[in-house]
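Notes follow once the structure below has been shown.
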Amino acid sequence: MDGKSQHFFKYLLPVLCSVLASHLLMVYVLTDYQFPGAVTHLSIDGSNITVTRSEHLTLIGYGENTPSELYKTLGWMHARDRYVQMCLMRLASQGRLTEVFPYAETNYKFDLMAKQFDFHGRNKAYYSQYEDEALAKDILQSYTAGINNYQKNHNRPFEFVLVNYHPEPFTPTDVTTFISFVSFVGLDEICFAVEKSIIELLISEKVSHGFLKQVFHPHLNNLTMEYVDLYRGIKDLRSNDGLRSPVVPAITNSNNWVISGALSSSGYPIMSSDPHLDVSKYPNTFYESSYKTRQGNSIFGISVPGIPILLMGRSKDLSFTLTYGMMDMGDYFLERIKDGMYERDGEYFPLKLRKYTVVGKDVLFYETKEGHVIERNLENHDKIISDGIYLALRIPDRNDEVTFRQALLPFTKTVQEAQKLMPQSNLGSNFLLADARGNIGYQQSGSVPLRPNSNGLLPLPAWNSANLWTGYLSDEDYMTKFNPSEQFIATANNLNQDPDKPCVNTYPALPTRVNRIKDILRSRTNHSVEDMMKYQGDTFSTIADITIPLLEPFLPSSGIGDELRHWDRRFQVDSRPSALWFKFWNQYTADINSVILGREMYDHLEPIVFNKYTFYKFAIIGIETGFVDGIDVAPVLKKSLETAIAGYRDEVYGDIRKYFSNNMFFTGQLPKIFGFDIGPYPTNSGFEVIKVGSVDKYLGDPCVFTQTWRFITDMSTQTFYSILPGGPSGNYFSNLYKREIDNYINEIYKVWEL
C-alpha cells in the first residue's frame, strides 16, 4: 500500500466506522422487533393490567371485567402500535395540521374546513355536560389515561423528531372531537356532497326536474320553481369542493350478513362482515386487539385508534358488526344574510363570528344560533361576509352518553340487550347481532333530526322557522329486527326504511350488492364458515350480467369482443375480458352522464368521488330502461364499447387495477424503494360486487375503496377468522409494519380462539 493510500485510510477509516456505528445505533434504537408472548406489566390509574403479544402478534390485554379497565388497556394499545396515526388524526380533527406541516397547501385548505365546523370548540362544550353521565366520562378518562401512560413512558417517534413536534397529552375533548370529525368527514360527507350536486343539477338547464324526481324519489316531491330560483341565487356555491382529509379515510361501502342456525351447518348463527374504506393510506384505519378478564370473559374486536369503542367483534356471548347506514344526519339550509345578520320570520339576528389564525392568516367563520355554519369560498374566509343567500350546514350537535353505550357491547350477553344500547349514535349504522343462545338481530342507529317539512335532501329556507329541526328521532323511530322469518339479515349500505316511520335514508347505495348477498343466502341451507369465506371473495358482477346482452349487437365475433361475450362476469386479476369490461363501464358512465348533464357539468362534478353514486344511478337507469331522461341509450352503449375496444391494449385486469397504500405521515412523497409505502398490488375486486374495489381519485388524490377487514365467526364455537390489510403496528421500523399484507392479497384468514 503506497503512502497516499495509507494516508487516506488513516483519516477516512475512523469516519466510516463512526458513520457505520451511528447507523447501527440508530437501527438498534428505532427497531421495534416484537415476538409472540412478549409481556408488559402496566399500572394505569390504579389498575394493574398485563399486555402480551398473541400468536398473530396483535396485543392481548388482561384485566378486570369492567369497561374502565378495557378502555384503559385499549388506549395504551392504540398508543403502543398506532401513536403517530392517532396524533395526526387529532391534528386533523382540530384543524391543526399546518402547525406541524405549514408548507402544504392541502393542509391549509383542510384546516380551514375543519375549523369552519368547529369540531373542537363544540366538543369542549359537550364534555362540560358529562358531569352527571358516569359512563361517558369514565370511558373517556380511562381511555386517555391509557394513552397518556404510554406517552409519558416512551420517547417521541422519529417522525415527530423530524418535524420538531412535541405532542401534548390526550384529553377527553380530543377524543370526542375526533368522534365527531370521523362521523362527518368519513361518513356524512357523502350525503352533503350529493346534496350540493343536486342543487347544481336543478339549476342547470340540461337535466329535467322530472327525471331528477324519478331518480331521487320521493325526496324531491316538494320541489318548486320558487326553490330553484332561490338556489340560482346562492353565493359561493362549492359543489366540487370536499373535505379530503390527508389522514382520515372515507367510508363508501360495507357488507355484513348473519344467518340463523336454520341455515347454517352448525345449527348456530354465523356472522360475516367486510367493511370497505379507503386503503390508500397506511397503516390501516382499523386495529385488531383482544382483552381477557380475570372473571372469564374474552373479547376480540376492531377499533379506530383514537376512539374508545370496539366497533365490531365478538365475546363468548355476542357477536356484533356494522355497515355505514347512509343516514341523512345533517342538512343544508338557505340563509339570507344582511349586514352581518340572519333572518328568522322577518326579524334579523347577529351572526356568531369565530376568528382563527392559520399560517399567519386571519380567517372568519359565521354561524347562526342553531349552529348553521355559513359556507363560503375558501378565498373569501379572510373577508367580512357580504349580503346575499348562502348555503349553511347543520350537523348533529350531540355527543352525549348514548354514543358511548355502544362501548358496553363487549359486556352484553344477548341480542335484545344489545339492541337497547344502540339506537342513538353519532355514527349512523346498520348493526347486526348474533348471540350464543342462537338469536340474530338488526338494529339501526344514528342521530337523525326531526324535520317538520322535509326529508332532508332539499335545502329549505331557514328564515322560515317552521323549516328548522325540532329535535332528534327517538329510539322507536329506528328499524329493528329480531329472529326474522327469512332466517338471515344482510346489509350493504342499502335502503333500510320503515315506511311507517320518519325518513332516515335519502341517498342509499345501489341495491346490487345486497341483492347478490341475499340471492346467495337464499340459494341453499347448510352454509358453513368456509362458504362465508367464498362469499366474501365473490366478484360476480350483476351489472355486467344484465348489460353484456345489450351489447350483443355491437360485439365483434372474434378477439377481445368475443371474450367479453363469453366472460363469466367475475373480476379476476389475470382476466382480459375483466379489463375490457372495466374500460367499457367507465367509458359508458362518462359518456351517458356527459349526454345527460353536458360535458362541462360532468367534468365539474366528477372530481368528488361520491358523485359517482349519482353517475352510476343514471347509467344503470339507462341499462334497465333503455332511456335516460328521454335519451336513447343504445347509441351511447355502441359508442362507449367501440371506444373501449379501441383503447384496449392486450391487458389483463391486474395490469390496470393496481394501487399503493401510502404512509400517512410521508403521504407518498418518499421514493418507493424506501419501503414506507406498500404496493403496488393488483386487485381483482370491482364496482358493486360483494368484494368491492375502486381505484380512483378524489380531488386529484388517490383513493382506493376495498375490503378493509374480513371477519367471520360461528356462534357454536369460540373460533373466529379475520384478515386485515396490514400489520398491527404503524411503526416503519417494526417487524409488524407490513405483516399480513401477503395474506390479505391471497385471502388467507387468521384463525383465532377466544
Side-chain angles (χ1 to χ4, degrees), residues 207 211 214-215 509-516 519 538-599 602-603 606 611-657 682-696:
V207 190
F211 176 66
Q214 171 194 346
V215 173
L510 297 168
T512 318
R513 279 179 294 120
V514 75
N515 287 345
R516 172 68 177 165
D519 287 345
D538 183 76
T539 62
F540 180 85
S541 173
T542 304
I543 293 175
D545 199 43
I546 63 174
T547 304
I548 290 176
L550 302 179
L551 301 178
E552 177 63 36
F554 318 124
L555 285 169
S557 58
S558 61
I560 188 61
D562 192 48
E563 290 181 42
L564 182 63
R565 175 183 288 110
H566 298 290
W567 177 43
D568 65 2
R569 280 56 161 170
R570 297 180 186 275
F571 291 103
Q572 298 294 338
V573 169
D574 59 355
S575 166
R576 286 163 43 92
S578 296
L580 178 61
W581 167 258
F582 173 75
K583 287 176 175 288
F584 160 75
W585 182 256
N586 282 352
Q587 187 66 47
Y588 165 66
T589 301
D591 287 346
I592 193 64
N593 280 279
S594 295
V595 172
I596 299 167
L597 310 177
R599 188 72 200 197
Y602 175 75
D603 290 343
E606 192 271 339
N611 287 334
K612 291 187 184 296
Y613 283 95
T614 303
F615 298 154
Y616 291 151
K617 282 191 175 185
F618 290 176
I620 291 171
I621 287 173
I623 296 297
E624 292 177 339
T625 67
F627 290 86
V628 183
D629 201 15
I631 299 166
D632 185 357
V633 169
V636 182
L637 289 172
K638 181 176 184 294
K639 174 179 176 291
S640 301
L641 179 64
E642 291 171 349
T643 303
I645 291 176
Y648 178 75
R649 296 291 180 267
D650 195 25
E651 303 146 311
V652 296
Y653 194 55
D655 293 335
I656 60 176
R657 297 280 281 173
T683 176
N684 69 333
S685 50
F687 163 68
E688 280 303 315
V689 299
I690 293 178
K691 186 182 177 183
V692 166
S694 171
V695 181
D696 220 317

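In terms of heavy atoms, Gln572 sits closest to Ser578 at N-OG, 3.4 Å. Heavy atoms only, all atoms of each residue included: Ala644 and Lys583 are closest at CB-C, 4.0 Å. Between Ser685 and Gly693, the closest heavy-atom pair is OG-CA, 3.0 Å. Pairing each heavy atom of Val689 with each of Ser541, the nearest pair is CG1-CA, 3.7 Å. Closest heavy-atom contact between Ala544 and Pro549: O-CD, 4.3 Å. Of all non-hydrogen atoms in Arg657 and Phe582, the two that sit nearest each other are NH1-CE1, 3.2 Å.
Ion pairing of Asp562 with Arg565 is present here, as a side-chain N (NZ or NE/NH1/NH2) and a carboxylate O approach within less than 4.0 Å.
Taken to the nearest 0.5 Å, the CG atom of Leu580 stands 9.0 Å off from the CD1 atom of Ile656. Distance check: His566 NE2 to Leu555 CG gives 9.5 Å after rounding to the nearest 0.5 Å. Here CD1 of Ile560 is found 4.5 Å from CZ of Arg576. Values are rounded to the nearest 0.5 Å. In this structure, CD in Glu688 is found 6.5 Å from CD1 in Ile620, a value given to the nearest 0.5 Å. Residue Trp567 holds its CH2 atom at 9.5 Å from CG of Asp545, rounded to the nearest 0.5 Å. Annotation: the span from Arg513 atom CZ to Asn515 atom CG amounts to 10.5 Å, rounded to 0.5 Å.
Between Trp581 and Phe584, the angle of the ring planes lies from 30° to 60°, which puts this pair in the tilted group. Using a 30° and 60° split on the angle between ring planes, Phe687 and Trp585 fall in the parallel class, below 30°.
Not counting sequence neighbours, Tyr648 has no partner by the ring pair (Phe, Tyr, Trp, His ring centres under 6.0 Å) test. Evaluation of the ring pair (Phe, Tyr, Trp, His ring centres under 6.0 Å) rule for Phe540 yields no partner, not counting sequence neighbours.
Side-chain contact between Leu510 and Lys617: present, with at least one pair of heavy atoms (C-beta onward) separated by less than 4.5 Å. Side-chain atoms of Ile621 and Gln214, non-hydrogen and from C-beta on, do get closer than 4.5 Å to each other. Between Arg569 and Thr542, every side-chain heavy-atom pair lies at or beyond the 4.5 Å cut-off. When side chains are defined from C-beta on, Tyr588 counts as touching Ile623, because their heavy atoms get closer than 4.5 Å.
One N or O on the side chain of Thr547 and one on the backbone of Ile543 form a donor-acceptor pair closer than 3.5 Å. Between the side chain of Asp655 and the main chain of Val652, a donor-acceptor pair closer than 3.5 Å is present. The backbone N or O of Pro577 lies less than 3.5 Å from no partner atom in the side chain of Tyr653, so there is not a single donor-acceptor pair.
No option in Thr539, Asn684, Asp538 other than Asn684 meets the side-chain hydrogen bond (donor to acceptor under 3.5 Å, both in side chains) test with Lys691.
Phe211 and Phe618 have their aromatic ring centers within a separation under 6.0 angstrom.
At a cut-off of 3.5 Å, with distance as the only test, a side-chain donor of Ser640 or Asp591 sits close to an acceptor on the other residue.
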